[in-house]
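Report on the following structure.
Only heavy atoms go into these numbers, but all of them, side chains included; no hydrogens, no water, no symmetry mates. The chains referred to below are lettered A, B, ... by the order of the sequence lines, with proteins before strands, and numbering in each begins at 1.
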There are 2 protein chains.
Amino acid sequence: MKYSRQRELIYKTVMENPIHPSADTVYALVRKEQPTISLGTVYRNLNLLVREGMLQKISFPNVSDHFDGRLEEHCHILCQQCGRVYDMDSPRLDIAALQKRPGHFRITGCHIYFTGICEACLKHFNQFESEDEFL
Amino acid sequence: MKYSRQRELIYKTVMENPIHPSADTVYALVRKEQPTISLGTVYRNLNLLVREGMLQKISFPNVSDHFDGRLEEHCHILCQQCGRVYDMDSPRLDIAALQKRPGHFRITGCHIYFTGICEACLKHFNQFESEDEFL
DNA sequence: ATTATAATAATAATCATTATTATTTTAAAG
DNA sequence: CTTTAAAATAATAATGATTATTATTATAAT
């Protein structure tokens, strides 16, 4: 893997942001420092970094994927009002004790997603804000 | 909500299939009984049934959404080999005890997704099969 | 400095999903 | 039974997110 300024910026952007940005948001943020970067480069590098195990990809229904630089086991919660994704500490899960359905599965990952309304949105004044506020 | 043969077929198809079919798979299955049905009708009705609480939508990274007619709390596991989605019984989760991150969240849902390799794929002979086998 | 490799920007293409619209079904009222 | 209004459909176009292509540029090893 050869160095590139673009990849470094993309990685730094995801690591330093608390919002688990979507590819689009990463694009908007990185463009401030590197206005010529292209969206394809953002997608390619995000996926590359996920494949290399340096980031993880988060999928919720009906919203585009988000990216997270925190690698330890933890969960995420999507605010249904503003669409932001937050971290949550993991509940204790006894995976060994899980009853599996169709025979034997080799489990390779566990992802716990919550949905809800975040504190900001509960506080009535920010009903319709979104990730954009972080740009 | 007015009756339609198409919606009944779509609903029956999801309910009777153990594979949590994607919209595309529902389309292929329903077309056998109603060859003139259109893909838009399938999407519209699946989403309608989700909104009405009769089905749930399942999202994993990198694969299209799947639909499930089983409504009680349970988890899902995606086979990374064949792409099928299976049911799993829920591990016990003490949601009340969860430490929340940014202040107070109103939690409205919890979705636990596993990834792994299913029994069929572990048995070496079906490395590359997919949902299509169920059509 | 030269050169092979990998990465990029720009753009086109794809895939999943949603919207539009003219036509057909449904079901309720006369 | 017809008539009629509302809702649903099929067909198709449009959108949005993501991936692929390609010619050019940057990286890093020789």
Legend entry - Side-chain N,O (B:Q34) to OP1/OP2 (D:dT9) below 4.0 Å: no
Legend entry - Length of the line joining B:L49:CG and D:dA8:C1', which is rounded to integer Å: 13 Å
Inset, instruction - Quick one: pull up NZ in B:K12 and CZ in B:R7 and give me the separation to the nearest 0.5 Å. - result: 15.5 Å
Inset, instruction - Applying salt bridge (Lys or Arg N to Asp or Glu O under 4.0 Å), name anything that partners A:E52, two or more places apart in sequence or on another chain. - result: none
Legend entry - Side-chain N or O of A:N47 closer than 4.0 Å to phosphate OP1/OP2 of D:dT19: yes
Legend entry - Under 4.0 angstrom between A:R44 side-chain N/O and D:dT19 OP1 or OP2: no
Legend entry - Rounded distance in Å - CG (B:L48) to P (C:dA19): 13 Å
Sub-3.5 Å pairs of nitrogen or oxygen atoms, protein against nucleotides 10-16 of chain C:
unit_1: C:dA10; atom_1: OP2; unit_2: A:T36; atom_2: O; d: 3.4

Produce the list of close N/O pairs, under 3.5 Å, pairing protein atoms with atoms of nucleotides 2-6 of chain C; give distances to one decimal.
unit_1: C:dT5; atom_1: O2; unit_2: A:K2; atom_2: NZ; d: 2.3
unit_1: C:dA6; atom_1: O4'; unit_2: A:K2; atom_2: NZ; d: 3.2

Inset, instruction - List for me each residue that meets side-chain contact (heavy atoms from CB on, under 4.5 Å) alongside A:R44, sequence neighbours excluded, and say none if there are none. - result: A:T41
Legend entry - Residues that A:E72 engages under salt bridge (Lys or Arg N to Asp or Glu O under 4.0 Å), provided they are two or more places apart: A:R70
Legend entry - Rounded distance in Å - CG (B:L9) to C1' (D:dT9): 14 Å
Inset, instruction - Quickly work out the B:Y3 OH to C:dT25 P distance and round it to whole Å. - result: 13 Å
Inset, instruction - Using the six-membered ring wherever Trp is involved, compare the ring planes of B:F60 and B:Y113 and label them parallel, tilted or perpendicular (cut-offs 30° and 60°). - result: tilted
Legend entry - 5′-ward residue of the pair B:R5/B:K57 relative to DNA chain C: B:K57
Legend entry - Flag, side chain of A:H20 to backbone of A:V85, donor-acceptor distance under 3.5 Å: yes
Inset, instruction - Go through the structure and list residues passing side-chain contact (heavy atoms from CB on, under 4.5 Å) with A:Q80, not counting sequence neighbours. - result: A:T115, A:I117, B:T108
Legend entry - Any side-chain donor near an acceptor of the partner, B:D89 and B:H74, under 3.5 Å: no
Inset, instruction - Return the minimal non-hydrogen interatomic distance between B:L39 and B:Y27, and the atom names on each side. - result: N-CE1, 3.4 Å
Legend entry - Length of the CG-P vector between B:N45 and C:dT26, whole Å: 13 Å
